[in-house]
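Below: one structure, written as structure tokens.
Numbers for residues simply follow the sequence, beginning at 1. Note that these values count all heavy atoms, side chains included, but never hydrogens, waters or copies made by symmetry.
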Amino acid sequence: MNRKNGGYIPPSNLLNRNFIALMIIVFSVTTAFNMTLPVMSGFAASLGATGTLMGLAASGFAFVALLTRPITSPMADLFNKKKQYQFAIILLTVCNMGFVIAGNIGLLIAFRCAQGFALGVLGTVGATMSSFYVPEDRITTGMGIFMIVQVGSLALGPYVSLWLVQTAGYGACFTVTAAVSALSFLLTMFVSDVDEGREKHRISELFIKPKLSKFVCFECLVPAAVMCMFALPFACINSFLAQAAAANGVANVGAFFTVYAVTTILIRPLIEILGNKFGQSSLIIPCSLIFIVGLALCANATSLVMYLIIAVLMGVGMGSVSVIMLIICTGRVGASRRGLASGTYYLSMDTGFAIGPVIGGTIAAALDYNVLMYALIGPIAVAIVISVFGKKGMRPLVEADAGQGIESVG
């Protein structure tokens, strides 16, 4: 279908200037955020936080992203995407600089929560913009590249941040994250505005005759539920891996994230081939079982080599499922509702990232990190059950509402 969004004409080739520029921006801004993931709970501990407060400092962003996503999702369909994206990058930069001056746990959590709002906009709007910067018949491939770029930032961000903390301290680490996110803003100048010439809307339109369907995409609930069950344990891995490894006598585990990201990138072509042949949803159970093996090994890891093997297993498991779920979500709606679909996907991920570290921190404080890793198998088992009994909710739909406007969100 040759779609036209206002004054913007979709490209005829996949690797066009806008898409490449956006992927560079996504990589840099996601790297800036991912640099904070493995060091935030340790930074909170240095300010005197323990247990649940450490988990809240690590996952506070996800709570805010979770609460604001129902608003930011339809906004991605209704309002100027490029301006929203630029605003979110500015806010992320301010928050990263705020961590430098945070002298108590309260201020840290405040900046972390503001960062969550920025993340809520970046994920939803970034995914939506990506779908407009690729040809209609290459959207699945474009979404796959978008997710790979996001995951690929894990190959650099956490490794660099852990190294910076060990060599120069938390202040230097957060200063670098602010610089990287500021650079991302400058790069947005090279991306075209997909909403140029489009009819303008007011935010009040969202609340005229409010319906839940304006804020959540019901067609995506099944894949979103699966994603939530994967995000919960993975958020705990992000937040507590360094502490768990240290408790087992293993240091310098930053390479875990690099191996995880590289595995996700390398496995993607195989996942695409298998998904096209057998269906995307058919890969969920095998990937789930691989992820479970990784969690079981993580509970007994005593060397860096073991953690790197676990990274490979989790790269195949979590890395594949996260891409598959986004593809399924965007494939179940028409062009005019992709913002809502991708927002629902990220809403489910936010839920897992919000509650995961809090629950994980409580379990680790009451018992230990090894018990926590075994407990994290539970949500993956739930994901398997959902995928088995919710197959109908995974099937792609015909773009019945393609070309519709504001009325499609109601």
Just checking Tyr260 against Phe234, ring centres under 6.0 Å apart?
yes
If only atom types and distance count, is the side chain of Gln115 paired as donor or acceptor with the main-chain N or O of Phe111 below 3.5 Å?
no
Please examine the side chains of Ser46 and Tyr170, heavy atoms only from C-beta on, and report whether any two atoms are closer than 4.5 Å.
yes
Is a side-chain donor or acceptor of Thr124 paired with a backbone partner of Val121 at a separation under 3.5 angstrom?
no
Quick one: do the Ser320 and Arg268 side chains pair a donor with an acceptor below 3.5 Å?
no
Side-chain heavy atoms of Phe190 within contact of Asn18, under 4.5 Å:
no
Under 3.5 Å, side chain of Thr36 to main-chain N/O of Ala32, donor-acceptor pair present?
no
Does any N or O in the side chain of Thr30 come within less than 3.5 Å of the main-chain N or O of Phe27, such that one atom is a donor and the other an acceptor?
no
Sidechain-backbone polar pair: Thr344 side chain, Cys217 backbone, donor-acceptor under 3.5 Å:
yes
Does some side-chain heavy atom of Val134 sit less than 4.5 Å from a side-chain heavy atom of Ile145?
no
Quick check: does any side chain N or O of Asn370 sit under 3.5 Å from a backbone N or O of Asp368, one acting as donor and the other as acceptor?
no
Going by side chain to side chain contact (heavy atoms under 4.5 Å, CB included), Met325 matches just one of Ser281, Cys228, Pro223, Ser348. Which one?
Pro223
Ignoring hydrogens and angles, tell me if any N or O in the side chain of Tyr133 forms a donor-acceptor pair with the backbone of Ser192 under 3.5 Å.
yes
Just by modelled atom types, is the Gly393 backbone N or O under 3.5 Å from a matching donor or acceptor in the Arg332 side chain?
yes
With a 3.5 Å cut-off and no angle check, do the side chains of Asn34 and Tyr159 form a donor-acceptor pair?
no
Could you grab the distance from atom CD1 of Ile310 to atom CE of Met373, nearest 0.5 Å is fine?
8.5 Å
Please check: side-chain N/O of Asn96 versus main-chain N/O of Thr93, any donor-acceptor pairing under 3.5 Å?
no
Using the ring centroid of each side chain, check whether Phe43 and Phe99 are separated by less than 6.0 Å.
no
Is any side-chain heavy atom of Met227 closer than 4.5 Å to a side-chain heavy atom of Ser322?
yes
Can you tell which of Pro38, Cys236, Cys298 makes a side chain to side chain contact (heavy atoms under 4.5 Å, CB included) with Leu241?
Cys298
Keeping the roles fixed (side chain from Thr263, backbone from Gly315), state whether a donor-acceptor pair exists under 3.5 Å.
no
Is any side-chain heavy atom of Leu326 closer than 4.5 Å to one of Phe146?
yes
